[in-house]
Amino acid sequence: MKYKWIFSDQARPDFLAKFSEYPAMVSQMLFERGLNTLEKIESFFNPKYDGGLHDPFLLKDMDKACERIRRAINGNPASHKASQGKEKIVIYADYDVDGVCSATVLGEYFKGINYPVEVYMPDRQKEGHGVNQTALESIISNGAKLIITLDCGTTNIKEIEWAKEKGVDVIVVDHHQTVAGNPATVAFVNPYQESDTYPFKGLCGAGLVFKLYCALMSTQGSPPTHKASEGKEKWLLDLVAMATVADMVSLLDENRVMVKYGLIVLAQTKRIGLRKLMESAGVEAKYNLETLTTNLDSFTLGFTLGPRLNAASRMAHANLAYELLTSSDESKINELVLSLNDNNRRRQQIVEKVLKDVRSRIDAYPELPSFIMEGSADWSVNLLGLVASKIAERYQRPVILYQSVDETKAKGSLRSIEGFNLIDALGSVKDLFIQYGGHPAAGGCTFEVSNAEKIKLGLNKYAKNVLTSELLQKKLKISAEINLGEIDWGLMDSLKKFEPFGMNNFKPKFLSKNIEVKKLVFLGKNSEHLKIFAHDKKTSKEFPVLFFNHRVKRDTAGLAEDFKIGDTLDIVYELDINEWNGNKEIQLKLIDYNKQN
């Protein structure tokens, strides 16, 4: 067993009785998600676009943001031509999938009124996350009078204050948590700010920008008149869905609505770049408008398309991804797709190399520290977040990995484990950072190289006091214990209603005991996967169990060393469907196991 197996809070008998029309396993999953009324259950199972989204003007300062943008657009009141507006507008967006999609969404609004705006995304390697003053100096010197930051800006107090002193207004549309008060903006749209009463805090950057788009459309006057027909905003949901999943925010409430409909939009997307990117990745989109279903899912967004778009900023510049999403030049798009796929392959190779290096250092520790911190001038900070995530998951410790970009300054990327708040940890040594920010689970920072050891000691001191033995134990949350005889197509149909899966709506994991190994087959080019033919001793039901990337060695007879025919296992798994040549079968994806003999 790699994990400590724990059960989710189990539904009470009165809850099961109240919703007896559902199978017990389905009721358990409803209970896990806090869906305790018929209204909530209906809304979850049948998310509606109309009526399922909150009023964007419930966000604090949304009215101010719209008013300031309208004033910039209208310019000279005597002119009815938007392109003759007095003020130059610059969109300053973050470089990840969320930021790129945010810039594309807001750009669609200005495109619809034929108003020229510039889009600026910082270089991940040279400038790092957030708004930097050097970029602001260039933007302002080129005539910008209104800067709209997307998916960044919340923690850039000094930079935005500097812009204000130069007579330039800034609107911040961001979802990162505040750490030192609010920036000096003309409008600060962030559901995490104090006194914001928006009913859902889990929107990603692109989700907030979508709200801004809808708000702007609803407050349009004449001039200018937007070219978009009513309801066109729905065609932006492919971008919003991709950003929502890639940024790992909650897939409940209105995020569930936007991702569900976003997948339908993606399946028929009008964006040539997305169609070509899916084609290059072997994704064949199918959809049914009558049932509002598609074969695309969260995996498509988070593990197929998202990494390819993110590879732009990690290996080159985010402008490549932005061009892909906005261009209509097919020949140019084909070049961009090739470039993004090549960047993604190189990214995977480099990540694997750095991961090996970090692991060798950690494995050489006499004792595993409470807070892992390692750095090198040879590592690219663009990729360290990916490596840090893998290290945090493997060692069950918060992690900071950094690149010393020169002799004096270092840039780091942080990842945490469940129950450990990175922002609080960084705050304990905040005087040692030039800058830091992010979420409780992930963040970034800049600091003087000379302070590295002090930061390491301070973070370890803080973590040692916070990390309990319970937090340090890897856990695997199980929805229910079932026998294989309970698995059928009816259950699969019920689970389908819970899609799309993601943060706060994780794919359920089940436990089955006394499962006998009947046969073993190696799969994959390098035998990296294992297929176990499993037999339930209690019900005599049998299913194939897939153990991906098992790392189990073969013995001299060619069998798996960790398993042999006749072994009895307790297994934790997810349920999947295997389709081939028009056939379908239910299969189990093994997550963890315990041998009884």
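Here, residue 1 is the first one in the sequence, and each next residue gets the next number. The analysis underlying the following values was restricted to heavy atoms, covering all of them including side chains, and did not include hydrogens, waters or symmetry mates.
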Between C101 and M242, the two heavy atoms sitting closest are SG-CE, 4.2 Å
Do other residues, nucleotides or ligands put more than 12 heavy atoms under 6.0 Å from K390 NZ? no
For the rings on F447 and Y402, is their centre-to-centre separation under 6.0 Å? yes
Please check if any side-chain donor atom of N190 sits under 3.5 Å from a side-chain acceptor atom of H176, or the reverse. no
Hey, is the main chain of A206 close enough, under 3.5 Å, to the side chain of S102 for a donor-acceptor pair? yes
For the student: nearest non-hydrogen atoms of D174 and G153, plus distance: OD2-N, 3.8 Å
I171 vs V173, test: side-chain contact (heavy atoms from CB on, under 4.5 Å). Steps then yes/no. CA-CA 7 Å; I171 295 172; V173 183; 4.0 Å; yes
Side-chain ion pair, R124 and D96, N-O less than 4.0 Å: no
Pairing of E254 and K211 as salt bridge, 4.0 angstrom limit: yes
Regarding Y49 and E233, is there a side-chain donor-to-acceptor distance under 3.5 Å anywhere? yes
Are any non-hydrogen side-chain atoms of Y436 and T446 less than 4.5 angstrom apart? no
Are a donor atom and an acceptor atom from the side chains of S250 and N255 found within less than 3.5 Å of each other? no
Quick one: do E499 and K496 make a salt bridge, cutoff under 4.0 Å? yes
Can you tell me if T269 uses its side chain to pair, donor with acceptor, with the backbone of V265 under 3.5 Å? no
Inter-residue atom distance I400.CD1 - F371.CZ, 0.5 Å rounding: 6.0 Å
Tell me, yes or no, whether the heavy-atom count around F45 atom CZ, taken from other residues, nucleotides or ligands under 6.0 Å, exceeds 12. yes
Grab the two heavy atoms, one from G205 and one from H175, that are nearest each other, plus how far apart they are. N-CD2, 3.4 Å
Around atom CD of Q348, are there more than 12 heavy atoms from other residues, nucleotides or ligands closer than 6.0 Å? yes
Hey, does the Lys NZ or Arg CZ of R256 hover above the aromatic six-ring of F44, less than 6.0 Å from the centre and inside 45° of the axis? yes
N334 vs K276 side-chain heavy atoms within contact, under 4.5 Å: yes
Flag the pair F501 / F299 as yes when at least one side-chain heavy-atom distance between them is below 4.5 Å, and no otherwise. no
Would you call L277 and L324 a side-chain contact if the rule is heavy atoms closer than 4.5 Å? yes
Could you tell me if the side chain of I591 sits less than 4.5 Å from the side chain of F548, heavy atoms only? no
When you check the gap from the basic side-chain N to the acidic O, do R68 and E87 get nearer than 4.0 Å? yes
Is it true that D357 and R361 make a salt bridge, defined as a side-chain N closer than 4.0 Å to a carboxylate O? yes
Compute whether any side-chain donor of one residue and acceptor of the other, for N341 and S280, lie under 3.5 angstrom apart. yes
Can you give me the closest heavy-atom contact between Y198 and D196, atom names plus distance? N-OD1, 2.8 Å
Is there a side-chain contact between V90 and I148 in this structure, where contact means two heavy atoms from C-beta onward sitting under 4.5 Å apart? no
Working for side-chain hydrogen bond (donor to acceptor under 3.5 Å, both in side chains), residues D94 and H129: CA-CA 7 Å; D94 195 25; H129 174 77; 3.3 Å; yes
Count the heavy atoms belonging to other residues, nucleotides or ligands that lie under 6.0 Å from CE of M248, then report whether that count exceeds 12. no
Side chain of K474, backbone of R394: donor and acceptor closer than 3.5 Å? yes
Are E108 and R271 ion-paired here, with the side-chain N under 4.0 Å from a carboxylate O? yes
Quick one about D329 and S327 (side-chain donor to acceptor, distance below 3.5 Å, no hydrogens or angles considered), yes or no? no
Are more than 12 heavy atoms, taken from residues, nucleotides or ligands other than K477, located less than 6.0 Å from that residue's NZ atom? no
With no hydrogens and no angle check, just 3.5 Å: does a side-chain donor-acceptor pair link S339 and D342? no
Whether the Y92 and N156 side chains hold a donor-acceptor pair (N or O, under 3.5 Å, no angle test) is what I'd like checked. no
Stepwise, does the side-chain contact (heavy atoms from CB on, under 4.5 Å) test hold for I147 with I139? CA-CA 9 Å; I147 300 172; I139 290 169; 3.9 Å; yes
Within the 4.5 Å heavy-atom criterion, are I350 and M315 side-chain neighbours or not? yes
Answer yes or no: is there a donor N or O on one side and an acceptor on the other, between the side chain of N505 and the main chain of L251, under 3.5 Å? no
Could you tell me whether Q268 atom CD has more than 12 heavy atoms of other residues or ligands within 6.0 Å of it? yes
Could you tell me if R314 and N343 have a donor-acceptor pair between their side chains, going purely by distance under 3.5 Å? no
If you count the non-hydrogen atoms of other residues, nucleotides and ligands that lie under 6.0 Å from NZ in K589, is the total more than 12? no
Minimum heavy-atom separation for P122 to N132, with atom names? CB-ND2, 4.4 Å
If I compare all heavy atoms of T294 with all of A267, which pair ends up nearest, and what's the gap? OG1-CB, 3.6 Å
Restricting to side chain to side chain contact (heavy atoms under 4.5 Å, CB included), what partner residues turn up for A318, sequence neighbours left out? Y95, V100, M121, S313
Are the ring centres of F547 and H529 closer than 6.0 Å? no
Answer yes or no: is there a side-chain heavy-atom contact under 4.5 Å between V387 and S413? no
From K411 atom NZ to S380 atom OG, the distance as rounded to the nearest 0.5 Å: 10.5 Å
